[in-house]
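First the structure, in the form of structure tokens, and then the observations on it.
In the text below, chain A, chain B and the rest are named by the order of the sequence lines, each starting its count at 1.
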Protein chains: 2
Amino acid sequence: MRGIDVFAIFNFYQSNNSSIAIKMKSQPITIKDIARILGISPSTVSRALKDHPDISPKTKQLVQTFAEKVNYRPNALALSLRSSKTNTIGIVIPEIVHHFFSTVISGIEDVAYGRGYNAIICQTNENYQREVIDLQALVDNRVDGILISMSKNTHEFAHFENLKENGVPVVFFDRICEQISSDRVIADDFEGARIATRHLIDKGCKKIMHLAAPQHLLIGKNRKEGYCSALKEHKLSCDDRLIVKCDTRETVFARADDIIRLAPEVDGIFAVNDSTAIAAMQVLQRNGYSIPKDIAVVGFGDGPNANIAYPPLTTVEQKGYDIGQAAMRLLIGHIENNVDEEEYETKIFTPELVERASSQLGTEY
Amino acid sequence: MRGIDVFAIFNFYQSNNSSIAIKMKSQPITIKDIARILGISPSTVSRALKDHPDISPKTKQLVQTFAEKVNYRPNALALSLRSSKTNTIGIVIPEIVHHFFSTVISGIEDVAYGRGYNAIICQTNENYQREVIDLQALVDNRVDGILISMSKNTHEFAHFENLKENGVPVVFFDRICEQISSDRVIADDFEGARIATRHLIDKGCKKIMHLAAPQHLLIGKNRKEGYCSALKEHKLSCDDRLIVKCDTRETVFARADDIIRLAPEVDGIFAVNDSTAIAAMQVLQRNGYSIPKDIAVVGFGDGPNANIAYPPLTTVEQKGYDIGQAAMRLLIGHIENNVDEEEYETKIFTPELVERASSQLGTEY
DNA sequence: TAATTCGTCGCAACCGTTTGCGGTGTCGTT
DNA sequence: AACGACACCGCAAACGGTTGCGACGAATTA
């Protein structure tokens, strides 16, 4: 008897729903809807859907097939509110357009999806204000944890402290914040720069110019020091005169005169990143220098550009994918073992040299 | 009297909170917490925080300053659950690493932030399954709307239909779905290809090769037809023999033999995208051809690669930023005027030629 | 003095889901 | 006949916030 009634309503609902679906935007169906239609309580529906032993097989069957038919999906907002667990993590990065960050994201996402987490990506465009706003929005939406790579223009850290006060686990990667104690995953910039510079020396370079990033950035500092270290290793002097401050395509062109002035006495260039290296090659080529015949060049952070450059650029690969995976694993550890131990970990990935034409000093390409 | 009491508790709470903040992760403070501490009801707190006229100035002052002190922030989940409005939109794209999509995202975000929306980005990696999962997750989290650029491998569209049934506004951009009626924002691939091909003809090319994407993709089809149209405009024949199917760096190298075989009789190349164009230039250069002296080359979709290439690549710019802005504006329109009119709009952006060295036929670079 | 108004505030319901606990009905047991 | 055991299901509270409505005291008015 009851069964017949129920299925009558069932069918009515179905046809009714599909007919109105054409005219109006139907709200997603809820457990309460199902309960009302089937004439049972929401709690029973909830339990039936998750095979709770208190529910009779018949009821389970009824509810489950009905839920299937109407394509029921639990409201994630309600679940999160009740459980205070969103299964979502936030990623805050300066710019997604950078190949390095894109690969980091891929690493993060692959681990995240595998463990049932969703990732929401925020880009700050190197803007401090945006970083503050993005982090606040993530906290407001109760993400379970956050992965951050700092903006270049961030010099205050209250918004980071704020995360800890709100109990949000955080892992910094690449652009870490020295003033905040936390888990960290970084590329070994010092060692990478040393490898790159050593390579130039091995290729026969005697006087190597360095195109450097601002020294208040860890990246800039560490890469410069790695460069100096390799020079000293080989009894070469680390001359400040050979260090030109430019770390983007634009700044290279802006300081082109300085580079050209130094070029005659130089036979190698180590640039703080690939686009700087490529821009420098172009500046030199336009001024009559041949690369790598006259001057060998090495970049940093292998992106797809390195292959496209003329000549193809020797560079050190930064292992963004691995860094992303490691960062996500660390974060999950903090989220799931709600251990309050402030035992922070730092993982370091050493870059690897990718040798191409641009560093073969003395050869024609 | 009462004031003194309250502030005593206030101060107690403060010191207590800061002391435990060191040892344990404190949950974010809620309206209920504030109500309990101040000895008033949650409703009063809620109203005080939003300057409701029913609340006395004293109470408002008390609540507001206290909320400020403890850095109260409303729980976005709770707000969304009640209002069924998340102020969040979803972006589903194949790959963020592509410069075009990155710029689209910037356009979207700038409009979104300006109108009080957050954006959550999902990349499908050109994977149909991932696209289904991502869309489902967005719906589960009750985003207010979704912007999609389809994956290459999507041939079923039930998951798109599902969005409409759930009443989620959708705008397709760039990689639109022809089978689903919806708002669309696209680049005029046909016209762009025609402009690019015309440019080669203007530069003196008589026989132009086309490196084409698969013809089941709209992009591939439209760009090829634009190419043919320009040829016919100038009484040149559109010879299928001159069309080589390759649309990535890898496929260019795979079909390098075909390209080289055709090269002697060709004086121009129009490639379906920039990386294909650049790879083709490299293949030709390695085989003794000089560009643009022997063969002029034009790409499609100006990315930063075009500047880095040797020689710098002439290409047509796709206006990703504008497309992103337009798509987001359309979406907001649908979200905020809950008009059920199925009056769908299609916005078309015509690319612009960016002339560089690679297309200056007959000249030395 | 009694009735009305106004200024302040709290109760309770709601959004969608979960879950402890208690209630009902049907057995079988003594 | 009375009891406990068990299967099955619903009530209500909770997550955090909002809001219609009613309550209460004080001040104003008739």
Taking salt bridge (charged side-chain N to carboxylate O under 4.0 Å, His left out) as the definition, give me every residue that meets it alongside A:K347, ordered by chain and number, with sequence neighbours left out. A:E345

Give the rounded distance in Å between these two atoms: NZ of B:K50 and P of D:dG17. 10 Å

Pull out every protein N or O sitting under 3.5 Å from an N or O of nucleotides 20-22 of chain C, one pair per line with the distance.
from   : atom 1 : to    : atom 2 : distance (Å)
C:dG20 : N7     : A:R47 : NH2    : 3.3
C:dG20 : O6     : A:R47 : NH2    : 2.5

Assess, by modelled atom type and distance only, whether the side chains of B:N87 and B:K85 contain a donor and an acceptor separated by less than 3.5 Å. yes

Taking five pairs at each end, how big is the angle between the two axes of the helix from C:dT1-D:dA30 to C:dT30-D:dA1, to 10°? 90°

Would you please indicate yes or no on a ring centroid separation below 6.0 angstrom for A:F160 and A:F172? yes

Rounded to whole Å, the CG-C1' distance (A:L38 to D:dC9) equals 14 Å

A:R130: partners by side-chain contact (heavy atoms from CB on, under 4.5 Å), with sequence neighbours left out: A:T124, A:N125, A:N127, A:D134, B:E109, B:D110, B:Y113

Check the pair A:Q136, A:H159 against side chain to side chain donor-acceptor pair (under 3.5 Å), reporting the backbone distance first and the verdict last. CA-CA 8 Å; A:Q136 191 59 260; A:H159 56 312; over 6 Å; no

Distance from A:I335 atom CD1 to A:I89 atom CD1, nearest 0.5 Å? 7.0 Å

Phosphate oxygens OP1/OP2 of C:dT8: is one of them under 4.0 Å from a side-chain N or O of B:T44? no

Rounding to an integer number of Å, can you tell me how far A:K85 NZ sits from D:dG16 P? 16 Å

Relative to each other, are the rings of A:Y344 and A:H334 parallel, tilted or perpendicular (30° and 60° limits)? parallel

Rounded to whole Å, CG of A:L77 lies from C1' of D:dG17 at a distance of 13 Å

Nearest whole Å is fine: how far is D:dG17 P from B:I40 CD1? 14 Å

Could you check how far CZ of B:R36 sits from C1' of D:dG16, rounded to whole Å? 12 Å

Does C:dC9 have its OP1 or OP2 closer than 4.0 Å to a side-chain nitrogen or oxygen of B:S56? yes

CG of A:L62 versus P of D:dC8: gap in Å, rounded? 15 Å

Taking all non-hydrogen atoms of both residues into account, name the closest pair between B:S56 and B:T59 and its distance. OG-OG1, 2.8 Å

B:P28 to B:D33 - nearest heavy-atom pair and separation: O-OD2, 4.2 Å

With sequence neighbours excluded, residues passing salt bridge (charged side-chain N to carboxylate O under 4.0 Å, His left out) with A:E126: A:R175

Measure the distance from CG on B:L49 to P on D:dG16 and round it to the nearest whole Å. 16 Å

Set out, line by line, the N/O atom pairs under 3.5 Å between protein and nucleotides 14-16 of chain C.
from   : atom 1 : to    : atom 2 : distance (Å)
C:dC14 : O2     : B:R82 : NE     : 3.1
C:dC14 : O2     : B:R82 : NH2    : 3.1
C:dC15 : OP2    : A:K32 : NZ     : 3.4

Taking only the side-chain nitrogens and oxygens of A:S46, find out if one of them lies under 4.0 Å from OP1 or OP2 of C:dT19. no

Rounded to the nearest 0.5 Å, what separation is found between the OG atom of A:S149 and the CD atom of A:Q123? 13.0 Å

